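These notes are about the structure you will find just below.
Only this structure's heavy atoms are used, side chains among them; waters, hydrogens and symmetry mates stay out. In what follows, every chain begins at residue 1, and chains take the letters A, B, ... in the order their sequences are listed. Owing to the predicted nature of the structure, the values given are computational and were not obtained by experimental measurement.
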Amino acid sequence: MPELPEVETTRRGLAPHVEGRRVAAVTLRRPDLRWPIPAEVADLLPGQRIDAVRRRAKYLLLDTSAGSALLHLGMSGSLRVLPATTPVGTHDHVDIVLDGGPLDSGRLRDGARDPGRVLRFNDPRRFGCLLWQPVGVTHELLQGLGPEPLSDEFDGDHLFARSRGRKAPVKVFLMDQRIVVGVGNIYVAEALFAAGISPLRAAGAISRERYRLLADAIKRILLHAITRGGTTLRDFLSPDGAPGYFEQELSAYGREGEPCPNCGRALRHAWIGQRATVWCTRCQR
DNA sequence: ATGTTGACCTGTAAGC
DNA sequence: TGCTTACAGGTCAACA
């Protein structure tokens with residue numbers, strides 16, 4: 001499901017509710033996600049204060065002085081901040097119960113007890129994961145990742161250098177998280193459309209100048225999507241329950257058969273690297 | 001090394 | 001109203 005803008009939207013929605021709070025309890029209902037949830041999550045997390053919520057690539061990290069919980073949302077995962085009394089639904093695999101803050105120590109205006117909050121991880125397909133990263137260690141899943149697309153490390157020169165000699169389609173090249181992280185099937189389609197590059201073109205056959213256009217498009221589109229709260233196609237919601245509004249601004253993704261926003265020709269659909277791909281055969285070369 | 005394919009799992013929508 | 005099939009925002013492991 002989520003690409004960088006959706007994960008970043010999740011991080012931003014989570015942070016104000018979570019940072020500085022202590023973990024009161026961890027409830028594991030279904031530990032067999034993509035990988036089993038390691039014992040450290042239930043053993044070490046309770047009692048710890050969550051100092052920060054960070055994102056690296058499409059991973060989220062909940063930092064504590066004992067180590068970090070490392071989360072990936074896979075295709076269908078989501079995190080919500082909910083009142084602790086919210087009934088548990090299907091695929092609600094993990095609860096991280098948060099200690100009440102100052103506001104919770106008293107009573108609400110109507111006299112009812114504030115139930116506190118819970119960070120709830122739901123993932124129907126279970127392609128996501130919840131792992132543990134000890135202090136001072138970089139989890140092996142985070143090793144070998146490419147640069148963050150919104151950092152200065154990432155630019156057209158980087159793409160140009162890494163792509164020399166590579167025959168794979170540029171679409172596949174860009175979705176390789178060792179080249180650049182965070183770009184998935186939606187935003188690769190949008191960025192290639194904006195840069196006027198065919199997704200089928202061999203990565204090694206693209207000029208430095210066109211890679212500069214492409215890197216700029218990636219940055220611009222990701223940043224803009226974040227300001228819109230990400231893309232809600234089926235069920236993506238921020239931790240507060242708000243949908244993302246970037247879907248309305250998609251130019252190519254999911255629009256096969258519709259007229260190209262530039263030239264009006266029907267957008268073409270094909271399978272590239274086992275993923276649905278849409279582009280304009282006139283505007284993208 | 002690079003490239004290609006299958007696998008993981010469930011929900012939903014479309015087709016018959 | 002069913003039943004069956006195809007497809008979905010990711011990425012790892014195995015193989016050529």
- Query: Under 3.5 Å, is there a donor-acceptor pair between the side chain of A/D92 and the main chain of A/G89?
  - Reply: yes

- Paired and unpaired positions of DNA chain B as dot-bracket, Watson-Crick or G-U wobble under 3.5 Å, | denoting a partner strand: .|||||||.|||||||

Using the 3.5 Å cut-off, write out each protein N or O paired with an N or O of nucleotides 12-16 of chain C and the distance between them.
unit_1, atom_1, unit_2, atom_2, d
C/dC12, O4', A/R34, NH2, 2.5

- Query: Partners of A/Y59 by ring pair (Phe, Tyr, Trp, His ring centres under 6.0 Å), sequence neighbours excluded?
  - Reply: A/H72

- Message: Can you list everything that forms a side chain to side chain contact (heavy atoms under 4.5 Å, CB included) with A/R162? Sequence neighbours excluded, please.
- Response: A/H158, A/F173, A/I179

- Not counting sequence neighbours, which residues clear side chain to side chain contact (heavy atoms under 4.5 Å, CB included) with A/T90? List them please. none

Scan the side chains in residues 192-206 of chain A for donor-acceptor partners under 3.5 Å anywhere in the protein, sequence neighbours excluded, and list what turns up.
unit_1, atom_1, unit_2, atom_2, d
A/S198, OG, A/L200, N, 3.1
A/R201, NE, A/R285, O, 3.4

- How would you give the extent of chain A contacts on DNA chain B, as first and last nucleotide 5' to 3' within a 4.0 Å heavy-atom cut-off? B/dG3 to B/dG11

- Task: List in chain and number order the residues that pass ring pair (Phe, Tyr, Trp, His ring centres under 6.0 Å) with A/H269, two or more places apart in sequence or in another chain; answer none if no residue qualifies.
- Result: A/W271

- Using the salt bridge (charged side-chain N to carboxylate O under 4.0 Å, His left out) rule, collect all pairs that involve residues 65-78 of chain A, keeping only residues at least two apart or in two chains. none

- A/F127 CZ to C/dA8 P: how many Å, rounded? 13 Å

- Item | Results of ring pair (Phe, Tyr, Trp, His ring centres under 6.0 Å) for A/F246 - residues two or more places apart only | A/Y187, A/H224

- Does A/R34 have any salt bridge (Lys or Arg N to Asp or Glu O under 4.0 Å) partners at least two apart in sequence or in another chain, and if so, which? none

- Keeping to residues at least two apart or across chains, list the salt bridge (charged side-chain N to carboxylate O under 4.0 Å, His left out) pairs with something in residues 125-144 of chain A. A/D32-A/R126

